[in-house]
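Because only heavy atoms are used, hydrogens play no part in the values below, and waters and symmetry mates are left out as well, while side chains stay in. Residue numbers start from 1 in every chain, and the chains themselves are labelled A, B, ... in the order their sequence lines are given, proteins ahead of strands.
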Amino acid sequence: MGAATLFDKIWESHVVRDNGDGTVLLYIDRHLVHEVTSPQAFEGLRLAGRRVRHPEVVFAVPDHNVPTRDRHLGIRDPIARLQVETLDGNCRDFGIVQFGMEDRRQGVVHVMAPEQGVTLPGLTLVCGDSHTATHGAFAALAFGVGTSEVEHVLATQTLLQKRPKTLLIRVDGALPAGSTAKDLILAIIGRIGTAGGTGFAIEFAGEAISALSMEGRMTVCNMAIEAGARAGMVGVDAKTLAYLKDRPLSPKGEMWERAVGQWRRLVSDPGARFDRVIELNAGLVAPQVTWGTSPEMVVPVDGRVPDPQAEADPVRRGSMLKALEYMGLSAGTPITGIAVDKVFIGSCTNGRLEDLEAAAALLGGRRVASSVKLAMVVPGSGLVKAEAERRGLHRVFLEAGFEWRDPGCSMCLAMNDDVLAAGERCASTSNRNFEGRQGAGGRTHLVSPAMAAAAAVAGHFVDIRQGMG
Amino acid sequence: MEPLRVVTAIVAPLDRANVDTDAIIPKQFLKSIRRSGFGPNLFDEWRYRDRGEPGRSNEGRPENPDFVLNRSRYRGAGILLARDNFGCGSSREHAPWALLDYGFRVIIAPSFADIFFNNCFKNGILPVRLEGGVVDRLFRETEATEGYRLTVDLERQEVITPGGEALAFEVDPFRRHCLLEGLDDIGLTLQHLGAIEAFEARRRQEAPWAFL
Ligand code: SF4
C-alpha cells in the first residue's frame with residue numbers, strides 16, 4: 001500500500017464486505033446511545049425479534065433531557081421522564097451498560113465516552129447524534145447516524161456506508177493569546193461554510209492542532225459537523241496516548257503496549273493524497289462571535305454585524321436578512337456593542353475541565369453584570385464537575401454569580417428546563433445558533449468559554465485581548 | 001418500509017437555504033418514543049404562531065398564513081422543493097419521520113446535508129438532487145402556476161414537468177433498489193452474517209482491545 005491518510009487506514013481495516021456498488025459494509029467497534037434517538041431503534045429490534053449483537057460494546061447515557069438541578073427529585077416533565085425510563089428499560093432488557101442519572105460518570109455522551117476510554121484510536125464509533133465527530137480527536141473514525149442506523153448497528157454491528165472524500169485542513173502557526181480551539185473551528189466554518197465539508201471526512205493537522213490539548217482537539221472535531229462533515233479527526237501523538245493511559249476501558253499492561261504499537265501508525269503518511277486541502281494560519285485567528293442563525297455567520301470580536309446589501313448572491317442575502325431579523329440586530333453594529341441576557345457555559349463542545357478553567361481564569365474575582373439575568377455553568381460530566389470542585393472552580397463561579405449545575409446537554413439544545421425565552425440573547429459555548437435552538441425565539445451567539453465569561457461580567461461582548469477594561 | 005416507484009403530487013416551494021432539522025421538527029417533539037405522528041408539527045415554529053407542545057392537539061392553533069404549507073394552493077403537497085443544504089444540523093431521524101407523516105415522499109433540492117440525505121432513504125423518502133439552475137426554474141414555475149404538479153419516476157430516474165420535459169437525476173443503485181422494493185436494510189445485512197463473523201474473528205486477533 002502506498003502513502004495512506006489516517007482516514008484510509010481506519011476505513012480499510014473495517015471493511016467487512018465491498019458491495020461493489022460504491023458502498024461497503026463497515027464494521028463498527030463502539031456504539032454510544034442516548035435517550036432521544038434510541039427508543040424507536042429498540043422498538044424496531046423488538047418488533048423484528050432481533051437482539052443486540054454485541055451489547056458489551058454499547059454504552060448508554062441519558063443526557064439530552066436530564067434536569068441540571070435537584071436531580072434527586074427526578075424528571076418533572078412526564079414525557080421526558082418516559083424517554084429516560086424507556087432507556088433504562090431498554091438497557092436492562094438488552095444487557096447494555098448505562099451510566100444513569102445518579103451515576104457520577106453520567107454526562108454528555110461525547111464527554112463521557114473519552115473519559116471512560118470507550119473511545120480509542122483506530123476504532124470506528126457511532127452514536128445517534130451528529131456531534132459524534134468529537135471522538136475523532138483520538139484518531140478514531142466517529143460519526144453521527146440516524147435512528148434506523150442505530151438499529152442497524154445494534155442488530156449487526158455494521159453499517160452500510162459510502163466512502164466519503166478526504167479533506168485535510170492544515171493549520172500552521174500559533175493561536176494568538178485570547179484565541180482558543182473554539183475560535184479556530186468557528187473561523188474555519190466561517191471560511192468554508194456550513195456545507196464546505198459535506199461529503200468529506202476532515203483531518204485536522206498542522207502545528208496549531210498539535211499544540212492543542214486533547215480537550216481542544218475535541219472542540220475542533222466536535223464542530224466538524226457544523227462545517228457539513230460527518231467526521232473530523234486528528235492523528236495520534238504523545239498527547240493522545242497520555243490522555244488514554246489508565247482510563248477505565250483502555251487496554252492495560254501488555255495489551256496497552258501492543259495497542260500503542262499500532263496506534264502510533266495512526267497518522268497520515270507523508271505524501272498521502274487528500275481530495276481537498278485547505279491551509280490556514282492560526283496566527284490570524286481572533287476570538288470569534290457568531291451574529292446569525294448558522295455557525296458560518298461569524299465574525300471576529302472586533303468586527304461588525306455584516307451588511308446583507310453588500311452580499312451579491314440573492315439566496316445568501318435573503319438568509320442574512322432573515323437572520324438579522326431573527327437576531328434583532330442591524331447591519332454595522334459593532335459586536336462589542338451587543339448586550340446579552342444570559343450566559344451558558346457547557347455542552348460537548350466546551351463543557352470539559354479546560355473550558356471551565358479558562359472561564360474561571362477570566363472571571364478572576366469579578367462578578368456577573370447586573371443586567372445579565374442568568375449565567376450558568378453546566379459541566380460536561382459528573383467527573384468534570386467533581387474535578388472542577390476539587391480545584392475550587394465552582395467557588396469562583398458561584399462567587400461571581402454563576403449557577404453551578406449538574407451535567408447534561410442543558411441549554412445547548414434546551415430540551416430540559418434550561419431555555420431562553422423569546423427575544424433573549426445568550427452568549428453560549430455550545431455549537432449551534434439555529435433559530436429556536438436554545439428556546440423558541442431565543443438568540444444565540446456562539447463563543448469560547450473565556451469570551452462567554454467576559455460577556456457575563458461586562459453584560460456585552462468584549463474583546464478579551466484588550467483586557468476586561 | 002413503503003416502496004416508492006412513481007410519485008405525482010403538488011409541489012410546495014420552501015424558498016430558504018440551510019433549512020436545518022431543528023426547523024423541520026423542533027426539539028420538544030423529540031421527547032416522543034414513537035416514530036409516527038410528527039406530521040402536524042412539521043416546521044412547527046414557522047407554521048404556527050404559538051409554540052407547539054408534544055402531546056397537545058394542534059386543532060385550533062393559530063397558523064401563520066404566510067408560511068408556504070399554510071397557503072391553500074399548496075395543501076396536500078407531496079413533493080417539497082427546497083434550497084441548498086436542506087436538512088443540515090442534528091441527526092434526528094424525526095425530521096424525515098415528520099416529512100413523511102405530513103405526506104412528503106420526495107424532496108427536490110440542489111444539495112442536502114449528509115445524514116439527513118441518508119435518513120430519507122431509510123424511511124421511504126426520495127431526496128432528489130437537481131442542479132441549482134434547474135431548481136431555480138422549478139421554483140419559478142411552481143410559484144407561477146397554481147396546482148403545479150411534478151411526477152417523479154424513480155425507476156427511470158426522472159422528474160417530469162407538467163410540460164412533459166424529463167429531468168434526469170442520479171441515485172445510488174442500491175438505495176434505488178431498496179426504495180423501489182421497500183426493503184429493510186437489516187434483513188439484507190444479516191444475509192452477510194458469515195462475512196461479519198469472519199471479520200470479527202480476524203479483528204479479534206489483530207486488535208483484541210477493540211472487543212470488550
Ligand atoms: S451537548 Fe449539545 S451538541 Fe452535544 S450532544 Fe448534547 S445537545 Fe448535542
Side-chain angles (χ1 to χ4, degrees), chain A residues 16-17 19 21-23 25 27 29 36-37 39-40 43 48 50 56-57 65 79-80 82-83 86 120 122-123 128-130 144-149 151-152 155-158 160 162 194-195 198-199 228 230 249 251 255 259 262 294 315-316 318-319 322 413-415 432 434-437 440, chain B residues 15-18 20-23 26-28 30-35 45 51 54-55 83-85 88-97 111-116 118-119 122-123 172-175 184-190 192-193 195-196 198-200 203 206-212:
Chain A
V16 172
R17 183 176 186 278
N19 294 318
D21 61 356
T23 66
L25 199 59
Y27 195 76
D29 297 307
V36 175
T37 54
Q40 294 87 352
E43 176 197 71
R50 289 173 177 140
E56 69 282 5
V57 299
N65 257 326
I79 304 178
L82 176 63
Q83 204 169 46
T86 303
L120 296 174
L123 300 188
D129 190 284
S130 57
V145 295
T147 298
S148 296
E149 290 176 314
E151 184 181 339
H152 193 281
T156 71
Q157 211 55 45
T158 65
L160 210 53
K162 205 172 162 164
T194 46
T198 303
R230 287 177 73 178
L249 292 165
M255 191 66 91
Q262 285 193 25
S294 158
V315 176
R316 288 181 71 101
S319 318
K322 282 197 178 103
L413 94 165
M415 272 186 83
R432 286 189 175 142
F434 299 155
E435 283 187 18
R437 171 77 177 181
Chain B
D15 198 359
R16 277 182 180 240
N18 298 313
D20 60 75
T21 53
D22 282 81
K27 62 188 146 282
Q28 63 268 33
L30 272 56
K31 293 175 186 173
S32 168
I33 56 169
R34 299 173 47 225
R35 40 174 106 208
E45 283 177 19
R51 181 184 152 89
R83 294 289 187 185
D84 264 312
N85 202 25
C88 61
S90 119
S91 62
R92 63 188 67 163
E93 203 152 318
H94 311 68
W97 295 335
S111 62
F112 294 88
D114 277 345
I115 300 178
F116 175 81
N118 213 12
N119 283 342
K122 314 252 177 224
N123 291 284
D172 182 88
F174 177 74
R175 284 168 160 164
D184 159 14
D185 273 3
I186 298 179
L188 287 170
T189 296
L190 288 174
H192 303 302
L193 197 57
I196 297 172
F199 178 91
E200 285 176 342
R203 188 155 169 77
E206 291 167 359
W209 55 86
F211 296 82
L212 294 169

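When only modelled atom types and interatomic distance are considered, A:S148 and B:E93 share a side-chain donor-acceptor pair under 3.5 Å.
Counting only distance, with no hydrogens or angles, the side chain of A:E435 and the backbone of B:D20 share no donor-acceptor pair below 3.5 Å. The backbone N or O of A:G199 lies less than 3.5 Å from a partner atom in the side chain of B:D114, making a donor-acceptor pair. In this structure, the side chain of B:K122 does not engage the main chain of A:G146 through any donor-acceptor pair within 3.5 Å. Judged by distance alone, with hydrogens and angles left aside, the side-chain atoms of B:E200 form no donor-acceptor pair with the main-chain N or O of A:Y27 at under 3.5 Å. With hydrogens and angles disregarded, no donor-acceptor distance shorter than 3.5 Å links the side chain of B:K31 to the backbone of A:V36.
A:Q83 and B:S32 get closest at one heavy-atom pair: NE2-O, 3.4 Å. Taking every heavy atom of both residues into account, B:I115 and A:G144 meet most closely at CD1-O, 3.6 Å. Between A:K322 and B:D15, the closest heavy-atom pair is NZ-O, 3.9 Å. The heavy-atom pair separating A:E43 from B:I33 by the smallest distance is OE2-O, 4.3 Å.
You'll find the side chain of A:L160 stays beyond 4.5 Å of the side chain of B:L188, heavy atoms only.
Only the side chain of A:T86 has a heavy atom closer than 4.5 Å to any heavy atom of chain B. Only the side chain of A:Q157 comes within contact range of chain B, judged by heavy atoms closer than 4.5 Å. There is no contact between A:A48 and chain B, counting heavy-atom distances below 4.5 Å. Heavy-atom distances place both the backbone and the side chain of A:T156 under 4.5 Å from chain B. Using a 4.5 Å cut-off between heavy atoms, A:T158 contacts chain B through its side chain alone, with no backbone atom that close. Using a 4.5 Å cut-off between heavy atoms, A:R50 contacts chain B through its side chain alone, with no backbone atom that close. Looking at A:T23, the atoms closer than 4.5 Å to chain B (heavy atoms on both sides) all sit in the side chain, from C-beta outward. Both the backbone and the side chain of A:D21 come within less than 4.5 Å of a heavy atom of chain B.
Ionic pairing of A:R437 and B:D22 is present here: one or more N-O contacts between side-chain nitrogen and carboxylate oxygen are shorter than 4.0 angstrom.
For B:H94, the ring-ring contact (aromatic ring centres under 6.0 Å, His included) partners are B:F38, B:W97, not counting sequence neighbours.
Most heavy-atom pairs under 4.5 Å with chain A, from the set B:A23, B:A198, B:G89: that is B:G89. Each of B:R175, B:R34, B:Q28 has some count of heavy-atom pairs under 4.5 Å with chain A, and the biggest count is that of B:R34.
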Subject >> Full working for salt bridge (charged side-chain N to carboxylate O under 4.0 Å, His left out) between A:E151 and B:R35 >> reply: CA-CA 13 Å; A:E151 184 181 339; B:R35 40 174 106 208; 3.3 Å; yes
